[in-house]
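Remember, it's 1-based here, ligands and their atoms both numbered in the order they're listed. The first residue of the sequence shown is numbered 1, and numbering continues consecutively from there.
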Amino acid sequence: MKRILSGMQPTSHLHLGNYLGALKNWVKLQDEGAECLYMVADLHAVTVTHDPEQMAQATREIAAAFIAGGVNPYNSALFVQSAVPGHSQLMWLLSTMAQMGKLERMTQFKDKAGKDSERAGLGLFAYPVLMAADILLYKATHVPVGEDQKQHLELSREIASTFNTRYKTEHFPPPEPYIMGTATRVMSLKDGNQKMSKSAESDLSRINLTDDADTIAKKIRKAKTDADPLPDNVKALEGRTEALNLVTIYAALADKSREKVLKQFAGKGFGDFKPALADLAVSKLAPITGRMNELMADPAEIDRILAKGSERARTVSAPVLQETMDIMGFWKSG
Ligand code: AQP
């Protein structure tokens with residue numbers, strides 16, 4: 001049986017990219033019967049400057065988004081990373097086998113640290129080791145990954161293998177990437193070469209799961225496009241990154257192929273396509289936003305769900321951490 005581990009950082013509101021690229025597929029995995037552990041990755045969120053008050057709020061909001069998007073907290077474990085101390089503990093142990101040279105080659109660190117990497121925090125540098133700990137703490141067999149996380153998962157596999165070789169054991173199963181056939185990479189509404197992101201400066205660049213219908217319609221109306229009509233095949237969209245992005249979003253929301261969408265809209269300009277996309281986006285997202293708002297109106301209930309999920313995560317992970325420490329020869333009382 002597959003055991004899945006994945007998470008999202010409470011850095012801000014979740015957006016359409018998080019939904020179509022991750023959450024929608026998490027629900028599919030859960031519904032296919034995999035054992036799923038989904039976390040609010042707050043230890044990762046503090047590797048960049050953050051607002052403490054905002055993070056507690058974002059943690060509840062993300063949990064509400066998971067549930068509203070279809071994660072069943074009575075089936076999947078929905079938990080907060082920092083509520084399971086094993087993540088940080090295992091990270092320290094694994095950091096002794098993560099090679100600096102490999103960490104230096106991680107492209108996400110280079111992107112996030114920017115030009116002034118000398119001043120970047122150790123946490124940002126060590127982020128992939130924490131990710132390895134997240135996965136190995138549960139002996140997760142599969143990790144849903146997008147393109148941007150493939151390199152980190154490869155490092156997790158290497159760390160697992162180094163541990164097993166060093167201590168002559170098969171303790172950690174190497175986690176497999178779970179490439180979702182239907183996962184969609186959603187790009188910024190303002191620049192088709194940048195991914196839609198929580199931390200991008202312009203709110204017009206993304207559709208948040210908290211946006212109301214008018215805001216969604218406005219953002220789509222203002223999305224960058226070009227003056228040409230839509231072609232009847234995907235290949236002809238080469239070089240038109242913004243147009244391709246809007247077609248991709250339409251296809252993912254409608255659960256159709258991009259070819260089918262283009263057949264439907266071939267010859268039409270964005271004056272026709274954008275209102276159709278706005279209607280579709282509102283019809284798919286409004287029920288999720290509505291449910292999120294209902295859940296957010298009762299934060300105590302969200303806290304209860306997170307506390308239960310975190311307890312379950314601690315129960316699953318405690319023996320793995322203990323066995324890891326035993327293998328490494330740490331002292332244990334009588
Ligand atoms: N634009 C996207 N298209 C498809 N999938 C995406 N994901 C993020 N952006 C897109 C997927 O969402 C999951 C959670 O991501 P995260 O919270 O770890 O943050 P991130 O990957 O760094 O993405 P964000 O939303 O842009 O956050 P910030 O701005 O805080 O860095 C992951 O599975 C990711 O692939």
Side-chain angles (χ1 to χ4, degrees), residues 4-29 36-51 54-55 58-59 61-63 65-66 69 71 78 80-82 87 106-114 120 123-124 127-128 130-132 134-135 140 142-153 156 175 177-203 205-211 219 223 241-242 244-246 248-253 281:
I4 309 287
L5 183 283
S6 200
M8 293 199 206
Q9 302 177 68
T11 35
S12 187
H13 305 299
L14 290 195
H15 52 72
L16 188 63
N18 299 131
Y19 175 61
L20 294 176
L23 183 53
K24 205 167 162 218
N25 292 303
W26 288 7
V27 174
K28 240 182 235 162
L29 278 164
C36 299
L37 298 134
Y38 295 137
M39 66 179 182
V40 184
D42 53 356
L43 294 175
H44 286 283
V46 297
T47 57
V48 292
T49 315
H50 76 290
D51 173 349
Q54 195 260 334
M55 188 164 79
T59 297
E61 187 184 298
I62 286 185
F66 287 178
V71 171
L78 202 171
V80 181
Q81 185 185 26
S82 64
H87 289 261
M106 295 290 131
T107 53
Q108 194 178 68
F109 172 73
K110 290 185 199 156
D111 290 347
K112 291 207 169 177
L124 189 64
Y127 182 113
L130 180 56
M131 188 174 145
D134 298 336
I135 299 165
H142 292 79
V143 183
V145 279
E147 277 300 319
D148 48 344
Q149 293 288 346
K150 267 192 190 157
Q151 208 187 15
H152 290 168
L153 184 64
S156 301
Y178 196 82
I179 311 285
M180 315 288 307
T182 52
T184 305
R185 190 160 165 80
V186 180
M187 309 310 281
S188 156
L189 298 181
K190 290 284 156 199
D191 177 353
N193 297 306
Q194 300 284 330
K195 71 165 194 158
M196 187 176 282
S197 164
K198 294 189 213 92
S199 52
E201 217 169 286
S202 167
D203 193 53
S205 70
R206 62 184 158 257
I207 293 173
N208 301 307
L209 295 186
T210 45
D211 286 344
K219 287 180 175 177
T241 48
E242 284 82 17
L244 177 65
N245 186 38
L246 294 190
T248 303
I249 293 174
Y250 191 106
L253 285 170

Checklist entry - Contact residues of ligand 1 with a heavy-atom cut-off of under 4.0 Å? => result G7, M8, Q9, T11, H15, G17, N18, G21, A22, K112, D148, T184, R185, V186, K195, M196, S197, K198, S199
Checklist entry - Is K198 reaching over with its side chain to a backbone N or O of Q9, donor-acceptor style, under 3.5 angstrom? => result yes
Checklist entry - Any donor and acceptor pair, going by atom type alone, linking the side chain of Q151 with main-chain N or O of T107 inside 3.5 Å? => result yes
Item to check | Sequence-distant partners of A132, side-chain contact (heavy atoms from CB on, under 4.5 Å), two or more places apart | outcome: L94, S156, I159
Checklist entry - Going from CD on Q108 to CG on L124, what distance comes out if it is rounded to the nearest 0.5 angstrom? => result 8.0 Å
Next on the checklist: Between E61 and T210, is the side-chain hydrogen bond (donor to acceptor under 3.5 Å, both in side chains) condition met? List the steps.
Outcome noted: CA-CA 9 Å; E61 187 184 298; T210 45; 4.6 Å; no
Item to check | Polar side-chain atom of Y38 near backbone of V71 as donor-acceptor pair, under 3.5 Å | outcome: no
